[in-house]
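In what follows, a single structure is set out as structure tokens and then discussed.
Only this structure's heavy atoms are used, side chains among them; waters, hydrogens and symmetry mates stay out. Numbered from 1 within each chain, the chains take letters A, B, ... in sequence-line order.
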Amino acid sequence: MGHLMERHLIKHVLDGDGPGVGDTVTVAGWVRTRRDSKGGFSFLELHDGSVFRSLQVVAPAELPNYHSEVLRLTIGSSVAVTGELVESPGAGQAVELRASEITVYGYADPEAYPLQKKRTSLERLREIAHLRPRTNTIGAVARVRNALAYATHRFYQERGFLYLHTPMITTSDAEGSGEMFQVTTLDLEALPRGAEGAVDYDEDFFGRRAYLTVSGQLEAESYALALDRVYTFGPTFRAENSNTRRHLAEFWMIEPEAAFFDLDDNARLAEDYLKYLTGYVLEHCEEDLAFFARWIDEGVLDRLTAVTERPFERITYTEAIEILQKADAAFEFPTTWGSDLQSEHEVYLAEQAFDRPVVVTDYPADIKAFYMRRNDDDTVAAMDVLVPGVGEIIGGSQREERLDVLADAIERHGLDPDLYWWYLDLRRFGTAPHSGFGLGFARMVAFATGMQNLRDVVPFPRTPRNAEF
RNA sequence: UCCGGGGUAGCUCAAUCGGCAGAGCAGCGGGCUGUUAACCCGUGUGUUGUGGGUUCGAGUCCCACCCCCGGAGCCA
């Protein structure tokens, strides 16, 4: 073969924006099926991940390795094919590749290869996460995920936000977002002990307890209060024993943080961002979305279109409680002012009450994090964005920029002010109003594809008792 | 972590009241020979999640544990 760098991606062959009918092309990829047809030759369906569709290859019996190799090709085998691109006489595809040379790189023993032509359940695919990107579904998820990541950078870069890398290791153990994974180089079989038997963390790598971060927000605030607008896009970790389709122990989050943004600016940014993402995948992932609409979630296109075109609903927490109290629905949890919104409440608001994304603002201070800006009443300038199907996809707030009020809040939440000396410094020196939010990227991928379980939209998901791959 | 449902052939599943564990798909052999989840004929497949118990006899009933799925909580 010799010229693999010059091969064509199947996407360009099928789109006709590369080689045309009559051209000689080389493609390479994996066999999805082989059909030995009624003319003494074979059809191969070849996919290379560049596009949803596969390319039909016609393999004539005259190929020197037809009997010895081509007839041994089964699903999962890898090949390179050179041939002439011709109009297809059959239905189902406009063009096909009439092979003049087929190089086999690797067979996939059909007795042992876990993927078959039949549909394999998503649960089963999780057990073979290293092979599942070869399936239609997971391949399409990967392309949509990539598009959403690219669109994220474009959105923020176009608006003057600076991409910031915040640390994955942190020593502040009270960012208020659940259990954290501890990071240590201590020998757990022989821990250094102090006088009273407590572990002596002075011996540890950082000289104190350290953890994997649950958020880059606090560090992002530091840069927002210097460079005006920043965003992070990186991994975060939660050691909660969460066993649901909406939680992962490791997930990526996008956290914009902007100086001189109030809560209203923040909510508008969140809405613009979500609309940009849905609009982007509608425009650039048509084939993949059509597959999801056909096999995964028939409402996905309407939902993405609605998000893109219709304004979000904007209500306060207090209004949300009033709506829930008047609702003709039996809720398991109370809907009294002061209690947090439960999943059933969020579902009701986003699906029954409004059937569109809902931004809920101004929650009771007692149920929200210490850094959220105190309003004149007992609420804080927090906001959650709830979307149909997924629930909470964004959580954010205007941050408390007043030194004395922030110090009070730290105290009230039972946190140690000494640990936040540098965070308080940001209010001590040139403080400014600022706001930000976090978007769970996997939840966004789920929302955009209609996939139900976050374990299927992350390449190698980490959940309690699961880190095989 | 709590509640509910599951774990049977490579995959998807069935198995009545406790009574010989069996279908489809895939694989393999043959036929057909421009197919599109190809089709037709033939063919093999088991530590029934693990350990214990009840019983003449357990996939089925009982106990413990492991794992998976869904819901809840925590949250993004």
inquiry  = One thing to verify: whether A:Glu257 and A:Arg229 come together as a salt bridge, which I'm taking to mean a side-chain N less than 4.0 angstrom from a carboxylate O.
reply    = no
ask   = Counting side-chain heavy atoms from CB outward, which of B:rC69, B:rA38, B:rU36 is closest to A:Thr33?
value = B:rA38
query = Starting at the 5' end of RNA chain B, which residue's closest nucleotide do you reach first, A:Leu439 or A:Arg245?
reply = A:Arg245
key: Between C1' of B:rU12 and CD of A:Glu127, the distance in whole Å   = 13 Å
key: Spacing of the P atoms in B:rG46 and B:rC40 (rounded, Å)   = 26 Å
ask   = With both distances kept under 3.5 Å, what pairs with B:rC17, Watson-Crick or G-U wobble?
value = none
key: Nearest-Å distance for atom pair CD/C1', residues A:Gln56 and B:rA37   = 14 Å
Paired nucleotide for B:rG51 [Watson-Crick or G-U wobble; both distances under 3.5 Å] = B:rC63
request  = Rounded to the nearest angstrom, tell me the gap between atom NE2 in A:His47 and atom P in B:rU36.
outcome  = 20 Å
ask   = At under 4.0 Å, does any side-chain N or O of A:Arg124 touch on OP1 or OP2 of B:rC68?
value = no
request  = State whether A:Arg238 places a side-chain N or O below 4.0 Å from either non-bridging phosphate oxygen (OP1 or OP2) of B:rC75.
outcome  = no
task = Could you say whether the aromatic ring of A:Phe251 and the base of B:rA76 stack, counting only centre distances under 5.5 Å and plane angles under 30°?
result = yes
key: Whole-angstrom distance between B:rG24 and B:rC20, as gauged at atom C1'   = 22 Å
ask   = For B:rG27, which nucleotide is its Watson-Crick or G-U wobble mate, given both distances must be under 3.5 Å?
value = B:rU43
request  = Check every atom of B:rG70, B:rA72, B:rU36 against the side chain of A:Arg455 and return the nucleotide holding the closest atom.
outcome  = B:rG70
message = Given B:rG70, B:rG34, B:rG73, identify the nucleotide with an atom nearest to the side chain of A:Phe43.
response = B:rG34
ask   = Does A:Arg268 come within less than 4.0 Å of A:Asp264, counting only side-chain N to carboxylate O?
value = yes
query = If you check the A:Arg126 side chain, which of B:rG73, B:rG70, B:rU36 turns out closest?
reply = B:rG70
message = Ignoring hydrogens and geometry beyond distance, is the side chain of A:Glu96 in donor-acceptor contact with the base of B:rG34 at under 3.5 Å?
response = yes
ask   = When all nucleic acid strands are considered with a 4.0 Å heavy-atom cut-off, which category describes A:Gly90: base, sugar-phosphate, or nothing?
value = base
query = Would you say A:Arg32's side chain and A:Gly76's backbone share a donor-acceptor pair under 3.5 angstrom?
reply = no
inquiry  = Let's test your reading of the model: under 3.5 Å, does the base of B:rU1 pair with the side chain of A:Glu240 as donor and acceptor?
reply    = no
request  = Choose from B:rG70, B:rA76, B:rC75 the nucleotide whose nearest atom is closest to any side-chain atom of A:Asn453.
outcome  = B:rG70
request  = Scan A:Ile394 against the nucleic acid and name what it touches under 4.0 Å (heavy atoms): base, sugar-phosphate only, or nothing.
outcome  = sugar-phosphate
Same-atom distance (C1') from B:rA26 to B:rG44, integer angstrom = 12 Å
key: Value in whole Å for how far the C1' atom of B:rC75 lies from CD of A:Glu344   = 17 Å
message = Check the phosphate of B:rA72 against A:Gln342, side-chain N and O only, distance under 4.0 Å to OP1 or OP2. Yes or no?
response = no
task = Inspect the contact between A:Glu127 and A:Arg124 and indicate whether a charged nitrogen and a carboxylate oxygen are less than 4.0 angstrom apart.
result = yes
ask   = If we take the C1' atom in both B:rG49 and B:rA76, what is their distance in whole Å?
value = 34 Å
query = Is it true that A:Arg132 and A:Asp456 have a side-chain N and a carboxylate O under 4.0 angstrom from each other?
reply = yes
ask   = On a whole-Å scale, what distance lies between the C1' atoms belonging to B:rG27 and B:rG10?
value = 9 Å
request  = Measure from OH on A:Tyr113 to P on B:rC25 and round the result to the nearest Å.
outcome  = 22 Å
message = Any side-chain N or O of A:Ser42 below 4.0 angstrom from OP1/OP2 of B:rU35?
response = no
request  = Using the P atom as the reference point in each nucleotide, state the distance between B:rA21 and B:rG73 in Å, no decimals.
outcome  = 46 Å
ask   = For the side chain of A:Gln93, counting heavy atoms from C-beta on, which of B:rU12, B:rG73, B:rU36 is nearest?
value = B:rU36
query = Quantified in whole Å, what is the C1' atom distance between nucleotide B:rA37 and nucleotide B:rC25?
reply = 10 Å
task = Quickly work out the A:Arg98 CZ to B:rU35 P distance and round it to whole Å.
result = 14 Å
Spacing of A:His345 atom NE2 relative to B:rA72 atom C1', expressed in whole Å = 13 Å
key: Nucleotide nearest A:Ser88 (side chain, heavy atoms from C-beta), chosen from B:rG71, B:rU1, B:rU35   = B:rU35
ask   = Atom CG of A:Leu71 and atom P of B:rG29: how far apart are they, to the nearest Å?
value = 11 Å
query = Given that both distances must come in under 3.5 Å, which nucleotide forms a Watson-Crick or G-U wobble pair with B:rG4?
reply = B:rC69
message = Under 4.0 Å, counting only non-hydrogen atoms across every strand here, what does A:Thr120 touch: a base, just sugar-phosphate, or nothing?
response = nothing
ask   = Expressed as a whole number of Å, how far does the C1' atom of B:rC28 sit from that of B:rU45?
value = 12 Å
message = With a 4.0 Å cut-off on N to O distance, would you call A:Asp288 and A:Arg53 a salt bridge?
response = no
task = Using only side-chain N and O atoms of A:Ser121, determine if any of them is under 4.0 Å from OP1 or OP2 of B:rU12.
result = yes
key: Carboxylate-amine/guanidinium contact A:Asp297 A:Arg303, below 4.0 Å   = yes
request  = Give a yes or no answer on whether the side chain of A:Ser78 reaches the backbone of A:Gly106 with a donor-acceptor pair at less than 3.5 Å.
outcome  = yes
